[in-house]
Amino acid sequence: MAIQAIERKKVSDEVFEQIKGMIVSGNWKPGDKLPSEKELTELFGVSRVTIREALKKLASYNIIETSQGRGSFIRNMEGVSLFDNVMLSVYVNSAEESTIRDMMEFRGIVEIESVYLATQRATEEDFQKLRENYLKMLDARGNIHLFSKYDLEFHKYIAKMTKNVVLIKCYSVIWDFLREYFDRVVETIGVEKGSFYHGEILRAMEDRDAKKARQLMKEHLAATSKGALESLKGKLKK
């Protein structure tokens, strides 16, 4: 297995986390205008390009909205849809243990039945793509960041295989909140369990054994949920 370079966290991600922290702590509230790009550059001691990347990420999560000529504002939760309101609340509080538990419960409820549906509805082309993803995951076992990326894509693709547009939309949202924790979860539980369960789930799906795939997904998520909570507790102790 070839050694792969370990990717370092981008400076813009650090800025993103700090701004998010300011919102969580209440220092910046919904409706407040953020300092200008120039002011943020001076505050954080980074380039304007870095600030723009961080703001772009904040906007992609619907945490801020940017208006040309006016600047960037913390989104007012009263002015967004109920769905966006809930998602914004979840993301802003994503560092809390209760929120992680809620998201893992969501996965447990939805993914177990999703793999059951996907096994029944998937095409041979779907299975081929899922297998290709699994093989990439195995090749990336020496790189935790890359491994967790393919781990995430494996589950997301199973959602697509259900052919259920509501499920697919839910996954597209929840993965954005979960992805920053996947690296830490993999660090906690290692790559072997994930490699094992993904392989077994894939084989059960290819055999069209929906019940077995569902049971394997249940076992896999139980282990992952435990790892996610342990990783969060470890992070909070630091």
Side-chain angles (χ1 to χ4, degrees), residues 87 90-91 94 97-141 143-233:
M87 290 299 102
V90 168
Y91 190 76
S94 61
E97 182 176 337
S98 61
T99 302
I100 296 297
R101 185 177 290 109
D102 287 348
M103 288 192 286
M104 296 311 298
E105 285 179 356
F106 170 87
R107 292 188 65 192
I109 293 167
V110 177
E111 284 195 62
I112 292 169
E113 294 307 316
S114 290
V115 75
Y116 185 84
L117 290 177
T119 302
Q120 297 173 318
R121 298 175 178 176
T123 65
E124 292 306 314
E125 182 181 358
D126 287 333
F127 287 135
Q128 178 61 33
K129 289 181 179 179
L130 193 63
R131 174 161 287 281
E132 289 173 359
N133 173 272
Y134 172 65
L135 293 176
K136 289 178 181 178
M137 185 177 167
L138 293 182
D139 288 340
R141 282 177 291 185
N143 183 326
I144 288 176
H145 178 74
L146 200 56
F147 181 91
S148 65
K149 173 180 178 291
Y150 290 125
D151 183 340
L152 201 63
E153 290 179 358
F154 184 92
H155 291 273
K156 192 171 184 179
Y157 196 72
I158 287 176
K160 292 181 179 180
M161 292 164 69
T162 67
K163 318 300 182 185
N164 183 306
V165 294
V166 177
L167 280 173
I168 294 169
K169 176 61 177 178
C170 286
Y171 276 93
S172 69
V173 173
I174 201 67
W175 291 141
D176 284 338
F177 302 135
L178 288 174
R179 63 186 177 185
E180 67 175 290
Y181 295 100
F182 259 60
D183 285 357
R184 188 170 287 275
V185 171
V186 173
E187 287 177 358
T188 303
I189 65 178
V191 300
E192 296 308 317
K193 283 186 178 180
S195 300
F196 169 76
Y197 276 113
H198 283 76
E200 292 299 301
I201 290 168
L202 174 61
R203 279 185 279 277
M205 293 180 73
E206 290 178 327
D207 290 340
R208 298 286 183 179
D209 191 338
K211 290 183 179 179
K212 184 176 181 180
R214 179 166 57 187
Q215 179 58 35
L216 286 165
M217 182 64 78
K218 182 178 181 180
E219 294 173 9
H220 174 45
L221 292 180
T224 302
S225 180
K226 182 180 178 182
L229 291 173
E230 287 178 353
S231 70
L232 178 62
K233 289 176 182 177

> Which atom pair, heavy atoms only, marks the closest approach of Val115 to Ala213?
Replying inline: CG1-O, 3.6 Å
> How about Met161 and Arg121: do any of their side-chain heavy atoms sit closer than 4.5 Å?
Replying inline: no
> Under the side-chain contact (heavy atoms from CB on, under 4.5 Å) criterion, do Ile158 and Met205 qualify, and how do the steps go?
Replying inline: CA-CA 10 Å; Ile158 287 176; Met205 293 180 73; 4.1 Å; yes
>> For Phe147, does the six-membered ring have the charged nitrogen or CZ of Arg141 within the cation-pi criterion, i.e. under 6.0 angstrom from the centroid and within 45° of the normal?
In response: no
>> Minimum heavy-atom separation for Gly108 and Leu221, please, with both atom names.
In response: CA-CD1, 3.9 Å
> Does Asp126 pair with Arg131 as a salt bridge, N-O distance under 4.0 Å?
Replying inline: no
> Roughly how far apart are Leu130 CG and Glu153 CD, rounded to 0.5 Å?
Replying inline: 11.0 Å
> For Lys212, which residues count as a side chain to side chain contact (heavy atoms under 4.5 Å, CB included) partner, sequence neighbours excluded?
Replying inline: Ala204, Asp209, Leu216
>> Could you go through His155 and Met217, starting from their C-alpha distance and side-chain angles, then the distance that decides it, and tell me whether this counts as side-chain contact (heavy atoms from CB on, under 4.5 Å)?
In response: CA-CA 10 Å; His155 291 273; Met217 182 64 78; 3.8 Å; yes
>> Tell me every residue that passes salt bridge (charged side-chain N to carboxylate O under 4.0 Å, His left out) with Glu219, counting only those two or more places apart in sequence or in another chain.
In response: none
> With sequence neighbours excluded, what pairs up with Tyr197 under the ring pair (Phe, Tyr, Trp, His ring centres under 6.0 Å) test?
Replying inline: His220
>> Please enumerate all residues that pass salt bridge (charged side-chain N to carboxylate O under 4.0 Å, His left out) together with Lys193, with sequence neighbours excluded.
In response: none
> Which atoms form the tightest heavy-atom contact between Arg208 and Ala122, and what is the distance?
Replying inline: NH2-O, 2.8 Å
> Residues in ring pair (Phe, Tyr, Trp, His ring centres under 6.0 Å) with Phe154, at least two apart?
Replying inline: His198
> Closest approach of Leu202 and Tyr134, non-hydrogen atoms and distance?
Replying inline: CD2-CD2, 3.9 Å
>> How close do Tyr157 and Lys129 get, counting heavy atoms only, and between which atoms?
In response: OH-CD, 3.0 Å
> Under the criterion salt bridge (Lys or Arg N to Asp or Glu O under 4.0 Å), which of Arg107, Arg214, Lys211 is the partner of Glu113?
Replying inline: Arg214
> By side chain to side chain contact (heavy atoms under 4.5 Å, CB included), which residues pair with Lys136, not counting sequence neighbours?
Replying inline: Tyr150
> Just wondering, are more than 12 heavy atoms of other shown residues or ligands nearer than 6.0 Å to NZ in Lys160?
Replying inline: no
> What closest approach, in Å, do Thr162 and Ser114 show between heavy atoms, and which atom pair accounts for it?
Replying inline: CG2-O, 3.3 Å
>> To the nearest 0.5 Å, what is the distance between NZ on Lys149 and CG on Asn143?
In response: 10.5 Å
>> Under 4.0 Å between a side-chain nitrogen and a carboxylate oxygen: does that hold for Glu200 and Arg203?
In response: yes
